[in-house]
Number of protein chains: 2
Amino acid sequence: MTIADARPFAEPLDRLKRAGLRPTRQRLALTRLLFGRGDRHVSAEQLHAEAKAARFVVSLATVYNTLNQFTRAGLLREVVVEAGRSYFDTNTSDHHHVLTVATGSLTDIPVGTLAVSGVPKIPEGLEVERIDVVVRLRPRV
Amino acid sequence: MTIADARPFAEPLDRLKRAGLRPTRQRLALTRLLFGRGDRHVSAEQLHAEAKAARFVVSLATVYNTLNQFTRAGLLREVVVEAGRSYFDTNTSDHHHVLTVATGSLTDIPVGTLAVSGVPKIPEGLEVERIDVVVRLRPRV
DNA sequence: AACAATATTAGAATGGATCTAAAATATCTC
DNA sequence: GAGATATTTTAGATCCATTCTAATATTGTT
């Protein structure tokens, strides 16, 4: 039995408090959708549709606001795989991605699995924020 | 003395012919801008402005068409580093990128320098198209 | 030169994301 | 808990990169 099972409502609330964000109804509902069922990659439109499907109507502007605030607070990580659309990853630990180009589906690669070596010397005054790796898959010819 | 020096006009023309694209005035001019001075990363807007500055007026639509055709023909590679804007890389050989987030500037890492190991097993019917690596730099704190 | 095929273009349209400013809600102070 | 204050939410407008449209121009072929 996990903590989430034991206290189904306390967990989202704590998450917001720890991030220094007021626990409003909208943010709580979106938190449950985002973090309720394991790691996910969602776009703003997807999350907005999910909320609507769950009978919780939130404006699209609030979905965008929330995703951006969560990203700034370190609760989400933005993943850029194609120009023109942002995905948000609920897994903020160090890891990489596999993209199936044809379907747009995205899955995680734990950092232990894939390693990057030989990062070149970084100019003075700068440091590595992170290294994004996307393994792009296509149908075998 | 390089081939380009010896035959300044033949090289862009050959490049288009090899790609199976009609050598129109616009495509020749854009080819010279793109491939005339070593490896570059350009956005459509940048290239459009450059053409204008060089007294060669091309419509923005043509710049977009050309960049997309060149990418399909393998003359350019699209690099996605931030949602909402596309960059086109004149270096189509296997290599990676360093992004200085603050300035948006992008530089190449030759593939010999940086290595990725431990790519997970690929599902049946799919194969790796390529692996994109972006080393993101931020100001040191 | 004449014809068909392809390219270019201005401007409209699209679509994702952000902005605005007014109404709603949360938090703080007493 | 009431009232004052700060923060959020929202609908709709707006922005901006990119694509589309369909009319005109250019290119390649005979």
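Every heavy atom of this structure was used, including side-chain atoms; hydrogens, water molecules and symmetry mates were not. Within every chain, numbering begins at 1; the chains are lettered A, B, ... in the order of the sequence lines, protein sequences first and strands thereafter.
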Query raised in the report: From C:dT18, D:dT8, C:dT9, pick the nucleotide closest to the side chain of A:R27?
Result: D:dT8

Query raised in the report: Distance only, no hydrogens: is a donor on one side chain within 3.5 Å (strictly under) of an acceptor on the other, for B:D108 and B:H97?
Result: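 Yes, a side-chain donor-acceptor pair sits under 3.5 Å.
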
Requested in this report: For B:K52 and C:dA10, give me the distance from atom NZ to atom C1', rounded to whole Å.
Outcome: 13 Å

If you compare every side-chain N and O of [X] against the phosphate oxygens of [N] (OP1, OP2), does one of them come in below 4.0 Å?
| X | N | value |
| --- | --- | --- |
| A:T62 | D:dT9 | no |
| A:Q26 | C:dA24 | no |
| B:N65 | D:dT19 | no |

Query raised in the report: So which of B:R27, B:E78, B:R77 actually passes side chain to side chain contact (heavy atoms under 4.5 Å, CB included) with B:F70?
Result: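 Passing option: B:R27.
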
Requested in this report: Identify, between B:A83 and B:V57, the residue whose nearest nucleotide on DNA chain C lies closer to the 5' end.
Outcome: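 Taking each residue's closest nucleotide, the earlier one in sequence belongs to B:V57.
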
Query - Distance in Å, A:D89 CG paired with A:L76 CG, rounded so as to fall on 0.5 Å steps - result: 8.0 Å

Query raised in the report: So, does B:H41 use its side chain to make a donor-acceptor pair with the main chain of B:T107 at under 3.5 Å?
Result: no

Query raised in the report: Any sub-3.5 Å donor-acceptor pair from B:T90's side-chain atoms to B:F35's backbone N or O?
Result: no

Enumerate the protein-to-nucleotides 11-16 of chain C contacts in which both atoms are nitrogen or oxygen and the separation is below 3.5 Å.
{"residue": "C:dG16", "atom": "O3'", "partner": "A:G84", "partner atom": "O", "Å": "3.3"}

Query raised in the report: Considering only heavy atoms, which members of residues 16-25 of chain B lie under 4.0 Å from some atom of DNA chain D?
Result: B:R22, B:P23, B:R25

